[in-house]
J.: 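After the structure tokens below, expect a handful of questions from me.
Throughout, protein chains are lettered first and strands after them, A, B, ... in sequence-line order, and every chain is numbered starting at 1.
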There are 6 protein chains.
Amino acid sequence: MFAHNKRLQYTVRVSTPNPGLANLMLEQFGGPQGELAAAMRYFTQAVSDDDPGRKDMLFDIATEELSHLEIIGHIVVMLNKGAKGALAEGTQAEGELYRSITGAGNDSHVTQVLYGAGAPLVNSAGVPWTSAYIDTIGDPTADLRSNIAAEARAKLVYERLISLTDDPGVREALGFLMTREIAHQKSFEKALYSIEPNFPPGKLPGDPRFDSTYFSLSEGEAAEQRGSWNQGEQWRYASQREAFNPADGGTGEASVNLSDAQAMAIQRLAERTASNPDTNPRTGAELGSDGSAARAGG
Amino acid sequence: MFAHNKRLQYTVRVSTPNPGLANLMLEQFGGPQGELAAAMRYFTQAVSDDDPGRKDMLFDIATEELSHLEIIGHIVVMLNKGAKGALAEGTQAEGELYRSITGAGNDSHVTQVLYGAGAPLVNSAGVPWTSAYIDTIGDPTADLRSNIAAEARAKLVYERLISLTDDPGVREALGFLMTREIAHQKSFEKALYSIEPNFPPGKLPGDPRFDSTYFSLSEGEAAEQRGSWNQGEQWRYASQREAFNPADGGTGEASVNLSDAQAMAIQRLAERTASNPDTNPRTGAELGSDGSAARAGG
Amino acid sequence: MFAHNKRLQYTVRVSTPNPGLANLMLEQFGGPQGELAAAMRYFTQAVSDDDPGRKDMLFDIATEELSHLEIIGHIVVMLNKGAKGALAEGTQAEGELYRSITGAGNDSHVTQVLYGAGAPLVNSAGVPWTSAYIDTIGDPTADLRSNIAAEARAKLVYERLISLTDDPGVREALGFLMTREIAHQKSFEKALYSIEPNFPPGKLPGDPRFDSTYFSLSEGEAAEQRGSWNQGEQWRYASQREAFNPADGGTGEASVNLSDAQAMAIQRLAERTASNPDTNPRTGAELGSDGSAARAGG
Amino acid sequence: MFAHNKRLQYTVRVSTPNPGLANLMLEQFGGPQGELAAAMRYFTQAVSDDDPGRKDMLFDIATEELSHLEIIGHIVVMLNKGAKGALAEGTQAEGELYRSITGAGNDSHVTQVLYGAGAPLVNSAGVPWTSAYIDTIGDPTADLRSNIAAEARAKLVYERLISLTDDPGVREALGFLMTREIAHQKSFEKALYSIEPNFPPGKLPGDPRFDSTYFSLSEGEAAEQRGSWNQGEQWRYASQREAFNPADGGTGEASVNLSDAQAMAIQRLAERTASNPDTNPRTGAELGSDGSAARAGG
Amino acid sequence: MFAHNKRLQYTVRVSTPNPGLANLMLEQFGGPQGELAAAMRYFTQAVSDDDPGRKDMLFDIATEELSHLEIIGHIVVMLNKGAKGALAEGTQAEGELYRSITGAGNDSHVTQVLYGAGAPLVNSAGVPWTSAYIDTIGDPTADLRSNIAAEARAKLVYERLISLTDDPGVREALGFLMTREIAHQKSFEKALYSIEPNFPPGKLPGDPRFDSTYFSLSEGEAAEQRGSWNQGEQWRYASQREAFNPADGGTGEASVNLSDAQAMAIQRLAERTASNPDTNPRTGAELGSDGSAARAGG
Amino acid sequence: MFAHNKRLQYTVRVSTPNPGLANLMLEQFGGPQGELAAAMRYFTQAVSDDDPGRKDMLFDIATEELSHLEIIGHIVVMLNKGAKGALAEGTQAEGELYRSITGAGNDSHVTQVLYGAGAPLVNSAGVPWTSAYIDTIGDPTADLRSNIAAEARAKLVYERLISLTDDPGVREALGFLMTREIAHQKSFEKALYSIEPNFPPGKLPGDPRFDSTYFSLSEGEAAEQRGSWNQGEQWRYASQREAFNPADGGTGEASVNLSDAQAMAIQRLAERTASNPDTNPRTGAELGSDGSAARAGG
């Protein structure tokens, strides 16, 4: 059950409206690394997790992300506030309004025309938010790793947004939001390592024939590159020459046992759609490649 | 530059056609945790990374994932092979064909009718693959964490698919694919920790006022849950009472400085669309809630 | 700013696990008429609305919808709980597990395999939630109407779900959720009619030549159908014969003034891609319609 | 069955090509509030409605919306006509063409490069049209409300587009289209109230314990806001203190009855993935937070 | 401008309701090869084409496809008609209704619950229609080829649907629709070859060094396969050994000229995120792979 | 099974960074006509095709398209390289960085902020790639036509990109890629016509009553347009007057046989939701159209 307080978790002081900057901020409102994705990622995990400590943590952080969604939404709304009245009340001449919406340094026309200078759940390209961004799969050893990665990505996008504005109030609020992603990542890391063991994720062990082999499949650029990710005693290094072979030592073919009726139907299909390699048919491209193609009636 | 060999990286021996099982396998062909997502995640990172070792590793693994895509695709095609001929050649009576496509234990009708019993890039629900599944953002300290998490998720989905089939050839091939996800996760872990430092991700440091605070925002279920993710000397624990306040000690309000013209336009808009709290207007719901609504002409 | 309490807004008592029913319930979790759509519709409006009463109402209801999302999520999780352990721990034989996931009356395989028997933000077909479902455009005379309609739709989908289950605990919780949609619709109706005037929506008046005309464009089924939507003194009724003419009395053509250079480029393009109506060219279809097509070398 | 006349329903006279403006117009061609969404919303309702009067009206208006789609499409094509020839025929120097496509006041590059200066079914951000925009659910008391809201939204978007251009021919055609949305809204209103009763929508009544309660869940901003949407004799007003409790007076917990085998599997899963609250594990973040992390071989 | 007649272009006589079959029919209503895609593909081309004959043909066929959309929609609605009343009026017991909606041979639950047994613009998997299905790019030598291919695909899907039903009225109507795709393909073929020349499509000629080379990049399965697509005097056949080299004879590297400042920034980035190949760092996977990982405080 | 060589199939020499041009190039990386769509179109066909020659060709070309994807990806990365370091290292002042990312001639902000100046699988509008772009349906007589059309479209988009840049290295690489589309189209044409017959596609013949009729449904623009697509002995031309009638000579109605219970439920539904044509109800629009609407308490 949720409750709300109209005070924001962090005070937002915007110096001056800037619809172009508002548009960039949408990345963290309705973008793939934004706060709705974060809130819903943790909320869906919280709902189905039975571990009391983890469930509590997931609800704590999901709830905080909703408050972050609210902060970034208000930044967007404040940055759009100058444009909102002009558009709704028609206080600018048509040409001026057009230029202010489509001008240089400003890709905000979608937000203005379609969303009325509000805060829509789209990214800075205007692409609608989709739960395809959420990678929850219902296993904590996988989901916590997903959360760690998601916090890292969100931290980076905030870092980039901070680099793009010199409005001190916006920078300050973004700095708070960025920092909280660091704190959340730390919590998720602790929660992951509180499951012992947590690697490999899930329950089934790997096949020891293949779990420490590195297949070198990309050649070129002078020598092969080696590092701890493919060398040392924990790895067996298979060169491209070796790796470009079936790993099981078999034929590398795919097969299935068909019933007689199935085999016969497949055979008929094959014959009906066979490509005849022994002809050189005249084609549409040849008909179309000059103006003197044989006429049907010719 | 790529080259191809028609032998698969792992031999696929399917016992008997089963379109319902084929449909489940699509999760790892065109699903969010599937092989195309993996291949494209690493390929896009490889293309833009300048570190020679990491670039090599990313191309190696991206290339292998394409070969995995081919394996899982062939499993799908083999499992569908019985249905393919029957559908294309019409060798079954209509009713029988309908039942075989829509019957219990079989949600394969989309694959059959729309995709001709092939291997389409959709998940087991028929949802088209989208690059929204790919979370590459172009920073290695974030992207490698994303890769680690993605391998963990893919491992889990393979584990679930293995649990669902008793076809030994399918289980064997899935076991290979599952194991390779473990090996890849190990490589990505090594590559991440070969960047020193790699935490916090990116370049900007966090704000020390907020990077070690845990906001307890979800109450209930007896006592608050504590663990390494929110207790100990590395954390400051803020209770819900405290946390439900602006973190900066400010008013928690959002503000922006408007020009006079902007402020006036906003004011006009506010007045025009004001909701009057002092009336009790008759509404559409009231008009519609009984059959004796006042008539326009009444 | 949000806070959370782990008690649900309504107690959920599920009689027995039923993954097929869980799957249907997803309509109101991650479906177009579901609770996330409701919460985000009102939340985005609340963030950008400046009218204090309306803003308060929108936050109140948005917050409640988040609590509804949590209720329906827990219904899903409870209905899936039997399957969750079996899948994760492999406590059933493969064939049995396969049948339980894909069997009749059960389209839950996506939820099981991909989402680990959790509560994903997808509808009952497995289609990911998208903010394209949200129709907020940033004007209260339009948005409140959208909210009224959205509550009506959500009420109907709950009504259908109630008709589909005989689990008394599920029916009771769904009944609560359905009823709250009625209450919300009533609030939104009051808020709409508290704006005076609210019709036509927005600021610009309509053109009196066209705002009371009804164009009868579909003929057939004996006589034309008339009713208050197209008859009476408030309407001018244009028959199909009349309506199938340009409404402005003009030519019904589209034109633009081009510069000479633009006109010349268009002319060149037209000539280059002109279709010659005076030939009867031999086509690819004709080449392909028999086995004796003229050969390129023939 | 449909027939077509090449004259438009309203004559389109564009003064001068303007690809940037063409791009904005796409909102009403392939955008969420645009004419295809309108036509298909009413068409799908018409196809399944059995009430003769309503079915006739829905076909009438669906047919008119197709004609509107054609008008707005021709506006787009006329505005793009200057660019079309230049692009296809290469009549401008490369740099000039690049600037004309990507320059200030012009976000038309997608339309030009991908769609050849035609009229694609995308919105002004280039987002493809999706039937997720259509909210038809097959009940007239809900669908007519959706139609009313949709017409209100479309009217607003036309109003904004009119504010953005000073081309008199474009303004005139947009004014016609905007006005017709008003007329359609009036028809849908009449049709809704011709169903008696129409509130609550659908068939099942609400639960009288909950259908007139207003839960005040958002506090702050001085006093609570009251108005006809939450005060008066028709409402019971529950304060946040009260509202932040299970509405049914129960425990607010979710429960399900599991079989012994199900319970045991869940128990096993819980144990295997338990988070240990009593340890303080070293984490990946700690490994990565400095350059002196313990080495595997160290 | 469009007009409508309520008679269908082809009389639809359905023997008996069958929601499962209705669901399959959705492929041609809201699926990628369905009638909306066809109508909109040709309509968008018609709107922007200036050639009078082609424009007329495109409008003729677009208009007919709308009538086909109406036919297939009515087939869906008739097949769903039995379920519609039962669901809306609750005339079946809950369990019975649940079974009738989710039972074997019937994946129609989405259509029923979400769309009220109507005809929604989704495919048979419930995936919403998207204009991403439309491949119009605004050049007739490309678009007509797209149309030819689209008609071929639609013909095949109708063929498959015919094979699946034994309802004579449904088969008859589907047979009409399938046949019309053949007729349309013939028209588009004629229109394509009426442009002389039409190959290569567009205006720019190909580079003669590369336009007749066939790169054999996939080896295996005994001998290389040859046929008219890669052999004969019109082809130069490059073996895998040759083809796996840069086609331009260059280094196959990518390069760009950077300013000093740009080069320095890239250098800094490279150093900051360098992976150190000379260490063997302890990783998160190693921490997590056993229960005795070093403790932070240890 | 795939292998990789880090040399590109064509050497890429970019003169100078240009993020705006990089953004346009994304059309062929992650756009609908781009190289991933091509590679996956042919790869999915190759996996399921049993004809050895066609399968070999499809794998050859799919593999080459992956190499093209790599080329266009490297063009994007090189064009973005100047921006990448500046963004990641913060070497520009905030305002300058903002302007360089959002300035005129540059719609690259999404690529910069969200994707870190990499090569994401989106088109130039930032729309994520989707497999909805792939039209493979598993029949070679349809799929080869789809391939021919796809190559034609891709050729055109390359042609447009070439027209937009004066960077000689970019033009040269694009010229190679464009030319290869021509070569691929020629191969697919040969492969199509090597199937005899290949028209009509699929197996079922058309109905001779309807396969040569042309329905003229769009009137206007002086005389009807005639050409080989609708005139000559191979066509029967039906005028609009004739065509606007049911083609089967029937009533043009849709019907279904319902059981008594089904008919009764439908009847009840019709009565409950009937629109009463004989009233003129007061509506919400009327309530809202002035400020003096009757009050509920009035």
Side-chain angles (χ1 to χ4, degrees), chain B residues 1-7 47 49-54 57 86-90 92-95 97-99 101-107 109-114 116 122 125-128 139-141 144-145 148 182 185-186 188-196 198 203 228 232-234, chain E residues 18 20-21 23-24 27 31-33 103-107 123-127 130 132 156-157 159-167 171 217-221 240 243-247 252 254 266-267 269-270 272-289 296-297:
Chain B
M1 200 161 28
F2 291 90
H4 182 259
N5 185 306
K6 283 191 200 70
R7 290 180 301 169
V47 164
D49 201 329
D50 290 324
D51 186 83
R54 214 154 53 214
M57 177 192 69
L87 181 70
E89 298 306 301
Q92 287 181 301
E94 295 89 2
L97 192 55
Y98 175 74
R99 278 186 297 278
I101 276 184
T102 62
N106 187 345
D107 188 23
H109 58 81
V110 185
T111 311
Q112 312 300 316
V113 176
L114 181 54
V122 300
V127 176
D139 176 280
T141 59
L144 287 167
R145 285 180 167 93
I148 289 166
I182 297 173
Q185 182 175 345
K186 285 160 62 176
F188 290 131
E189 294 260 4
K190 287 292 182 186
L192 173 62
Y193 293 100
S194 295
I195 304 172
E196 297 168 330
N198 61 58
K203 191 177 182 193
S228 57
E233 59 183 25
Q234 75 260 51
Chain E
N18 182 343
L21 186 60
N23 191 59
L24 296 186
E27 281 301 338
Q33 315 307 342
N106 186 344
D107 188 23
N123 77 350
S124 73
V127 175
T130 163
L156 257 293
V157 177
E159 181 171 327
R160 290 170 186 167
L161 290 174
I162 290 171
S163 299
L164 281 166
T165 178
D166 52 7
D167 183 319
R171 286 172 68 94
L217 285 160
S218 175
E219 63 180 11
E221 290 197 2
Q240 192 185 55
F244 204 37
N245 277 294
I266 282 287
Q267 176 64 18
L269 172 60
R272 183 167 59 80
T273 61
S275 83
N276 184 341
D278 300 324
T279 65
N280 182 17
R282 186 163 175 81
T283 71
E286 285 159 329
L287 285 186
S289 60

J.: Answer with side chain, backbone, both or neither: which region of B:F188 has an atom nearer than 4.5 Å to a non-hydrogen atom of chain E?
T.: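 No part of it gets close to chain E.
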J.: If you count heavy-atom pairs under 4.5 Å between each of E:N245, E:D278, E:L156 and chain B, which one has the most?
T.: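 Most pairs with chain B among the choices: E:N245.
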J.: Against chain B, label E:N123 side chain, backbone, both or neither, depending on which of its atoms sit under 4.5 Å from a heavy atom there.
T.: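 Contact with chain B is through the side chain of E:N123 alone.
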J.: Where on E:A274 is there a heavy atom nearer than 4.5 Å to chain B: the side chain, the backbone, both, or neither?
T.: both
J.: From E:R282 CZ over to B:E189 CD, what is the distance, rounded to the nearest 0.5 angstrom?
T.: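 Rounded to the nearest 0.5 Å, the CZ-CD separation comes out at 11.5 Å.
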J.: Charged N to carboxylate O below 4.0 Å: is that the case for E:E286 and B:K190?
T.: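 Answer for the salt bridge query: yes.
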J.: Quick check on E:P246 against chain B: is it the side chain, the backbone, both or neither that has a heavy atom closer than 4.5 Å?
T.: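 Contact with chain B is through both the backbone and side chain of E:P246.
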J.: If I compare all heavy atoms of B:N198 with all of B:I195, which pair ends up nearest, and what's the gap?
T.: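 In this case the closest contact between B:N198 and B:I195 is ND2-O, 3.3 Å.
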J.: With a 4.5 angstrom heavy-atom cut-off, is it the side chain or the backbone of E:L161 that approaches chain B, or both, or neither?
T.: side chain
J.: Which atom names give the shortest non-hydrogen contact between B:T141 and B:R145, and what distance separates them?
T.: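 Minimum heavy-atom separation between B:T141 and B:R145: O-NH1, 2.9 Å.
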J.: So which of B:K203, B:E233, B:Q185 has the biggest tally of heavy-atom pairs under 4.5 Å with chain E?
T.: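 Top option by heavy-atom pairs under 4.5 Å: B:K203.
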J.: Has the side chain of B:K186 got a donor or acceptor atom that lies under 3.5 Å from a matching backbone atom of E:A285?
T.: no
J.: Return the CD to OH distance between B:Q112 and B:Y98, rounded to the nearest 0.5 Å.
T.: 14.0 Å
J.: Which atoms of B:A3 are under 4.5 Å from chain E, going by heavy atoms: the side chain, the backbone, both sets, or neither?
T.: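 For B:A3, the contact with chain E is made by backbone and side chain together.
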J.: Side chain, backbone, both or neither: which part of E:A132 has a non-hydrogen atom closer than 4.5 Å to chain B?
T.: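 For E:A132, there is no contact with chain B at all, as no heavy atom is under 4.5 Å.
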J.: Begin from the C-alpha positions of E:T165 and E:D167 and carry the test side chain to side chain donor-acceptor pair (under 3.5 Å) through to its verdict.
T.: CA-CA 6 Å; E:T165 178; E:D167 183 319; 5.5 Å; no
J.: Under 4.5 Å heavy-atom distance to chain B, tell me which part of E:S275 shows up: side chain, backbone, both or neither.
T.: both
